[in-house]
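Worksheet: the structure to be examined is printed underneath.
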Amino acid sequence: MNVGEEGATGGMDELNDQMLIRRQKLEDWRDEGIDPYGHRYERTHVARDILNAFDELEGEIVSIAGRITAKRGHGKASFADLLDGSGTIQLFIRINTVGEELYTQYQRLDLGDVIGVVGSVFRTRQGEISVEIHEFSLLSKALRPLPEKWHGLKDVDLRYRMRYLDLIANPQVRDVFIARSRIIQGIREFLLKRGYLEVETPMLNVIPGGANARPFVTHHNALDMDLYMRIAPELYLKRLLVGGLEKVFEIGKNFRNEGISTKHNPEYTSVEVYEAYGDANTMMALTEELFAYLAELICGTTRVEFQGNIIDLAPPWPRLTMLDAIKQYAGVDLRGLDDQEAVRVAKERGMEMPAGAGKAQAINEFFDNFVEPNLTGPVFITEHPVEISPLAKRKADDPTVTERFEPFIVGWEMGNGFTELNDPIDQKERFQEQVEQRKAGDDEAHMMDEDYIIALEHGMPPAGGLGVGIDRLVMLLTDSPSIRDVLLFPHMRPRSE
RNA sequence: GAGCCAUUAGCUCAGUCGGUAGAGCACCGGACUUUUAAUCCGGGCGCCCGGGGUUCGAAUCCCCGAUGGCUCACCA
């Protein structure tokens with residue numbers, strides 16, 4: 001049995017009393033020659049139109065449609081609430097106006113039924129803008145009851161598995177997903193306006209690249225070969241830079257075969273942006289402007305409230321190198337230390353360092369443990385060690401670190417960007433190091449991508465690149481503490497037994 | 001993967017010391033022609049997450065499992 005057959009549902013083969021009664025009503029409609037699953041319905045207005053333009057519409061005949069979410073009967077007159085895509089409006093019906101037959105049919109309607117209504121706009125004694133029903137059509141008979149009207153649907157398991165009920169019962173949930181849509185639209189408009197070209201690259205990869213992550217494996221039957229779901233679009237997008245598409249971006253899903261948490265879902269949405277002849281600084285400026293633009297768009301201000309804290313996204317954001325950040329938050333200066341010394345200091349501070357670990361790993365550990373949680377931000381963390389940045393260009397005056405940056409806000413890494421490595425020989429060596437790490441058991445290390453090296457060998461212009469996790473951005477701008485709150489259908493284990 | 005917590009009616013939740021199941025909403029019957037968590041009268045809901053065990057007796061105690069949440073780990 002799966003959830004579609006239990007929980008809010010009560011089972012396919014076990015109909016509870018309410019479901020039996022609704023099925024009986026379905027037959028009653030059919031017996032009267034009425035198809036309880038109607039067809040197209042011409043609407044003149046949605047609920048919000050009527051509420052907004054009452055002065056012009058008072059006394060007018062309108063046609064609306066939606067789901068009945070409440071009924072308040074008074075004998076020979078009744079009220080109901082009708083929920084459509086724009087909101088809720090009250091319905092009113094009187095036996096004097098519609099006659100006994102239609103009134104009886106109205107009384108048979110259940111909460112959850114979808115109806116179309118033709119009626120007149122008026123305001124009740126209590127002052128509520130309403131539509132008095134002249135006639136109505138049953139458009140869809142609901143065979144299962146709605147969640148409770150006052151407390152809504154609270155069970156998080158049901159909210160995620162049966163998101164449609166969540167959307168009906170909890171209006172603020174709808175607002176989050178409307179905001180999500182506007183954010184993605186905002187990103188697209190922001191980039192298009194600046195001359196970036198939107199492209200699509202493969203999600204089925206022969207070699208997954210562009211990130212350190214375990215991929216999902218799938219299989220192509222006709223070719224009889226395994227393929228990987230992409231973990232990032234990066235290497236394809238940079239091939240486009242080689243091809244002369246100088247400013248490109250892609251919005252889409254990435255798939256990572258990793259743990260699930262309040263900040264991680266196996267499939268998530270990112271935007272990646274590349275600009276030829278730019279560098280990390282170009283992309284940091286772009287990031288600041290983009291985030292500030294989106295905050296204004298969604299929140300009306302760059303001062304965004306997240307879980308009680310105010311975060312000001314107005315540019316410019318401070319920049320802090322990884323080593324300076326560690327010095328500041330951990331009180332340890334790793335600058336000038338060699339591998340052995342750095343590892344020793346890390347161990348002294350209680351971090352586990354695997355055999356063969358060097359300064360780069362020590363820096364990474366210090367950063368994760370002491371720095372990251374403190375980065376309320378916004379702040380750009382820069383100059384990551386070259387070992388953990390295999391696609392980023394080395395800093396001109398220090399080849400041990402890269403021209404890389406990560407925007408941090410509320411302690412989360414919101415993205416990643418750098419001056420792109422366009423030296424094919426250096427890139428090949430970096431891949432080779434990754435392959436060694438893979439052999440040593442790191443299944444998140446990169447694979448060798450010869451085809452990508454060949455592309456670089458044709459000459460890729462110097463460029464800046466940026467990736468932003470859109471889900472986390474939506475969390476930030478909608479004050480949502482869990483990634484599941486911004487994914488319509490977050491990944492859930494199937495219900496067994 | 002580990003720890004903690006949760007799972008009882010369609011939904012939201014109570015359930016005492018282990019004595020065999022309750023409330024509100026929803027539903028059903030009745031009253032009510034401007035209510036809005038409508039109101040009033042009457043009614044019955046159930047695989048107490050699943051499986052074992054202890055016990056005369058288990059929603060309750062013990063063990064195993066499932067799903068979810070949080071924290072940590074993993075992970076950008």
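A note on names: the letters A, B, ... follow the listed sequences, proteins ahead of strands, and every chain is numbered from 1. Since the structure is predicted, the reported quantities are computational estimates derived from the model, not experimental observations.
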With a 3.5 Å limit on both atom pairs, tell me what C70(B) is paired to, counting Watson-Crick and G-U wobble, or say none.
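G3(B) - that is the nucleotide pairing with C70(B), both distances being under 3.5 Å.
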Which heavy-atom pair separates Asn364(A) from Met322(A) by the least distance, and what is that distance?
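The answer is OD1-CE, 4.1 Å.
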So Asn254(A) and Ile231(A), side-chain contact (heavy atoms from CB on, under 4.5 Å) or not? Walk me through it.
CA-CA 5 Å; Asn254(A) 297 319; Ile231(A) 54 176; 5.8 Å; no
My understanding is that only one of Ile483(A), Asp485(A), Asp479(A) makes a side-chain contact (heavy atoms from CB on, under 4.5 Å) with Pro481(A); could you say which?
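Looking at Ile483(A), Asp485(A), Asp479(A), the match for Pro481(A) under the side-chain contact (heavy atoms from CB on, under 4.5 Å) is Asp485(A).
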Are the side chain of Asp471(A) and the backbone N or O of Thr269(A) linked by a donor-acceptor pair below 3.5 Å?
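Such a contact is found between Asp471(A) side chain and Thr269(A) backbone.
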Out of [options], which nucleotide sits closest to the side chain of [X]?
X	options	answer
Glu258(A)	C75(B), A26(B), U12(B)	C75(B)
His151(A)	C27(B), U35(B), U12(B)	U12(B)
Leu111(A)	U36(B), C27(B), U33(B)	C27(B)
Arg493(A)	U67(B), U12(B), U36(B)	U67(B)
Lys154(A)	A37(B), U12(B), C28(B)	U12(B)

Taking OP1 and OP2 of A26(B), is either one under 4.0 Å from a side-chain nitrogen or oxygen of Lys149(A)?
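Looking at the OP1 and OP2 atoms of A26(B), one of them is under 4.0 Å from a side-chain N or O of Lys149(A).
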Can you say whether a donor on the side chain of Arg125(A) sits under 3.5 Å from an acceptor on the base of U34(B), or the other way round?
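Checked by distance alone, the answer is no.
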No-H, no-angle donor-acceptor pair, Asp157(A) side chain to U67(B) base, under 3.5 Å
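Under the 3.5 Å cut-off, the side chain and the base do not form any donor-acceptor pair.
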